[in-house]
There are 2 protein chains.
Amino acid sequence: MGQGEYELLWSDRPRPGRGRPSGLTRERIVAEAVAIADTEGLHKVSMKHLAERLGSGVMSLYRHVPGKDELVVLMYDSLMADPVDLPAAESWRDVLLHWGRAVMGMFRAHPWAVTVGTGHRTMGPGEAGWVDEVLGRLTAVGLPADLGLMAVLTVDCFALGAVRPEIGGADSSAQFFQFLADPGIRDRFPHLSRLAPAAADSDDLIEDYFEFGLNRVIDGLEQYLEGNR
Amino acid sequence: MGQGEYELLWSDRPRPGRGRPSGLTRERIVAEAVAIADTEGLHKVSMKHLAERLGSGVMSLYRHVPGKDELVVLMYDSLMADPVDLPAAESWRDVLLHWGRAVMGMFRAHPWAVTVGTGHRTMGPGEAGWVDEVLGRLTAVGLPADLGLMAVLTVDCFALGAVRPEIGGADSSAQFFQFLADPGIRDRFPHLSRLAPAAADSDDLIEDYFEFGLNRVIDGLEQYLEGNR
DNA sequence: CTTATTAGCGTATGTCATACGCATCGTTCG
DNA sequence: CGAACGATGCGTATGACATACGCTAATAAG
């Protein structure tokens with residue numbers, strides 16, 4: 001599987017001079033699939049539906065994409081095809097902050113990518129471009145690339161985990177605490193139940209949670225990196 | 001979707017006195033499905049395959065589980081049906097360390113759960129039990145539950161993100177840097193390429209990465225919580 | 001113009017989840 | 001003790017899905 005995915009993501013597919021020119025392109029297919037996933041959800045991305053949207057026959061898609069699984073991999077990497085938007089920063093702390101927000105922004109805009117990215121560990125050119133860019137920013141402000149990679153990875157991990165509560169929808173926690181109110185259940189989870197009142201306005205809490213956690217994670221990295229200077 | 005999932009996970013299903021007694025049980029079905037996912041992968045969990053393993057007809061399963069999607073939700077929560085294994089600890093730092101390792105251990109033992117848990121945000125009784133337990137430990141060593149919840153959430157997020165690189169298999173990074181060696185690609189990702197030699201023995205690095213990152217995250221939390229005492 | 005070469009795609013196949021309805025088998029009540 | 005009841009077990013049918021195969025059409029190179 002691994003080998004195939006690298007081929008898929010990295011190999012050039014030269015346009016041959018000969019033969020019938022293609023109306024469809026891999027890029028159009030992937031872009032349309034992303035549009036469907038964004039608006040209707042990943043489970044609505046079927047070859048049939050996708051072909052209808054593109055005004056083509058179902059099997060035509062297979063001339064440009066090896067299969068459904070590979071399409072999803074391409075969809076994911078395409079989200080990072082454009083350079084990552086990182087504001088100029090003078091400290092590596094700010095670089096990491098901006099990096100975390102950029103990654104988080106991407107996941108928020110494409111919730112389906114959280115699931116896809118989780119189960120899949122092959123870096124494509126898009127993702128490599130993002131990582132390369134942030135590593136460059138970090139070295140520019142004095143952080144060695146090897147330490148930088150660890151820091152980036154840590155922030156990345158956190159962002160991926162942190163976007164999770166947001167995906168389920170805002171009212172899910174309210175519903176949960178409603179269940180907790182049942183006496184039979186409340187007694188089984190005493191510590192959790194004690195949080196119920198505080199969690200009443202937990203929407204705001206979740207809203208800001210990412211910034212809180214991100215800053216804590218970077219605090220920890222800072223402490224370590226300053227010590228290792 | 002949310003309402004249904006809460007019903008599914010939390011409602012009691014009383015055994016009626018009347019009627020034919022059931023040979024199959026929801027517990028047996030879920031346990032067998034977990035066994036398949038562990039050994040053959042989540043994509044091998046089909047109703048047909050599962051029924052064969054259980055020696056029953058396919059449609060019999062639907063008497064005990066509403067459908068495939070619901071089965072997967074039940075599989076996930078069943079992983080936390082047994083109490084979380086947290087060694088005794090005297091500092092909340094150690095409690096969080098043990099918590100992180102416990103969560104990580106669960107994901108390592110059941111890699112498919114990473115994908116499932118990512119796309120799904122309804123706490124079942126199992127997960128609630130784990131969270132309640134760690135909150136109890138934290139309050140016992142003096143950390144207020146509301147701060148504790150944020151800390152637990154942060155460690156959780158990190159563990160979920162950190163297990164990701166491990167899932168793809170050990171040699172995937174080696175393969176990646178092999179691609180990076182190509183001159184045409186190397187020039188496009190200069191900072192990443194400069195890491196190639198250091199990443200040669202990156203297996204060891206990844207092996208220990210979780211402990212490194214976990215400690216950094218807890219450092220950051222510590223700094224914040226000490227300040228807020 | 002001919003031919004090589006590629007794209008477009010209809011049809012067929014196999015897999016999957018699952019709705020429906022019937023047969024079956026303890027339990028419970030008359 | 002037997003008959004009605006109510007739940008379970010499950011075969012069959014259906015519809016969605018990915019995709020292998022092979023034919024047709026379009027175009028550029030010679």
Side-chain angles (χ1 to χ4, degrees), chain A residues 1 4-5 8 11-33 36-37 40-75 112 115-116 119-120, chain B residues 1 4-5 8 11-30 32-33 36-37 40-76 112 115-116 119-120:
Chain A
M1 182 200 280
E5 282 191 10
L8 173 75
S11 298
D12 285 338
R13 292 163 303 116
R15 165 82 178 87
R18 299 276 247 276
R20 185 180 180 174
S22 57
L24 283 174
T25 62
R26 175 177 283 189
E27 287 66 32
R28 269 217 315 141
I29 293 172
V30 171
E32 192 66 37
I36 294 174
E40 306 176 53
L42 186 60
H43 66 114
K44 280 286 184 182
V45 178
S46 71
M47 300 306 262
K48 186 169 142 72
H49 189 186
L50 183 51
E52 278 164 6
R53 288 278 204 113
L54 290 163
S56 75
V58 177
M59 293 312 293
S60 308
L61 305 176
Y62 288 89
R63 291 280 180 205
H64 305 274
V65 160
K68 171 81 179 287
D69 292 348
E70 290 83 355
L71 171 65
V72 174
V73 170
L74 290 168
M75 287 168 65
W112 53 271
T115 312
V116 173
H120 153 77
Chain B
M1 181 198 281
E5 284 192 8
L8 174 75
S11 298
D12 285 337
R13 292 164 303 116
R15 165 83 179 83
R18 302 273 247 274
R20 183 181 183 173
S22 55
L24 282 174
T25 63
R26 176 178 282 188
E27 288 65 32
R28 269 219 312 143
I29 293 173
V30 171
E32 192 66 37
I36 294 175
E40 307 176 52
L42 187 61
H43 67 113
K44 280 287 184 181
V45 178
S46 71
M47 300 306 260
K48 186 169 141 74
H49 189 185
L50 182 52
E52 279 163 5
R53 288 278 204 113
L54 290 164
S56 77
V58 177
M59 292 314 292
S60 308
L61 304 177
Y62 288 88
R63 290 282 179 204
H64 305 273
V65 160
K68 171 79 179 288
D69 293 347
E70 290 83 356
L71 171 64
V72 174
V73 170
L74 291 169
M75 286 168 65
Y76 180 74
W112 54 270
T115 312
V116 173
H120 153 76

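A note on names: the letters A, B, ... follow the listed sequences, proteins ahead of strands, and every chain is numbered from 1.
Remark on DNA chain D: of its neighbouring residues A/Gly67 and B/Gly19, the 5'-side contact belongs to B/Gly19, judged by nearest-heavy-atom nucleotide. Of the two residues contacting DNA chain D, namely A/Glu70 and B/Leu24, the nearest-nucleotide position lying further toward the 5' end is that of B/Leu24. A residue-by-residue look at B/Arg20 and B/Met47 shows that B/Met47 has its nearest nucleotide of DNA chain C further toward the 5' end.
The side chain of B/Pro21 lies closest to C/dG26 when the candidates are C/dG26, D/dG9, D/dC23. Each of C/dT18, C/dG8, D/dC10 was ranked by its minimum atom distance to the side chain of B/Val58; first place goes to C/dT18. Side-chain atoms of A/Tyr62 lie closest to D/dT19 of the nucleotides D/dT19, C/dT24, C/dT6. Side chain of A/Arg18, nearest nucleotide from C/dC22, C/dG8, C/dT5: C/dT5. Checking C/dA17, D/dA18, C/dA7 against every side-chain atom of A/Arg63, the shortest atom distance belongs to C/dA7. Closest approach to the B/Ser60 side chain among D/dG9, D/dT19, D/dA18 is made by D/dG9 (side chain taken as heavy atoms from C-beta onward). The side chain of B/Met59 approaches C/dA19 more closely than any other nucleotide in the set C/dA19, C/dA17, C/dG8.
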Q.
I'd like to know whether B/Val73 forms a side chain to side chain contact (heavy atoms under 4.5 Å, CB included) with B/Leu8, so could you lay out the CA-CA distance, the side-chain angles of the two residues, the decisive distance to 0.1 Å, and finally the verdict.
A. CA-CA 9 Å; B/Val73 170; B/Leu8 174 75; 4.1 Å; yes
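For D/dA16, the OP1/OP2 oxygens have no side-chain nitrogen or oxygen of A/His49 closer than 4.0 Å. B/Ser22 has no side-chain polar atom (N or O) that falls below the 4.0 Å cut-off from OP1 or OP2 of D/dT8. Within the 4.0 Å cut-off from OP1 or OP2 of C/dC16, not a single side-chain nitrogen or oxygen of B/Lys48 is found. Put simply, A/His64 has a side-chain N or O that comes within less than 4.0 Å of OP1 or OP2 on C/dG8.
Using a 4.0 Å cut-off between a side-chain N of Lys or Arg and a carboxylate O of Asp or Glu, A/Arg28 and A/Glu32 do not qualify as a salt bridge. Ion pairing of B/Glu27 with B/Arg13 is present here, as a side-chain N (NZ or NE/NH1/NH2) and a carboxylate O approach within less than 4.0 Å.
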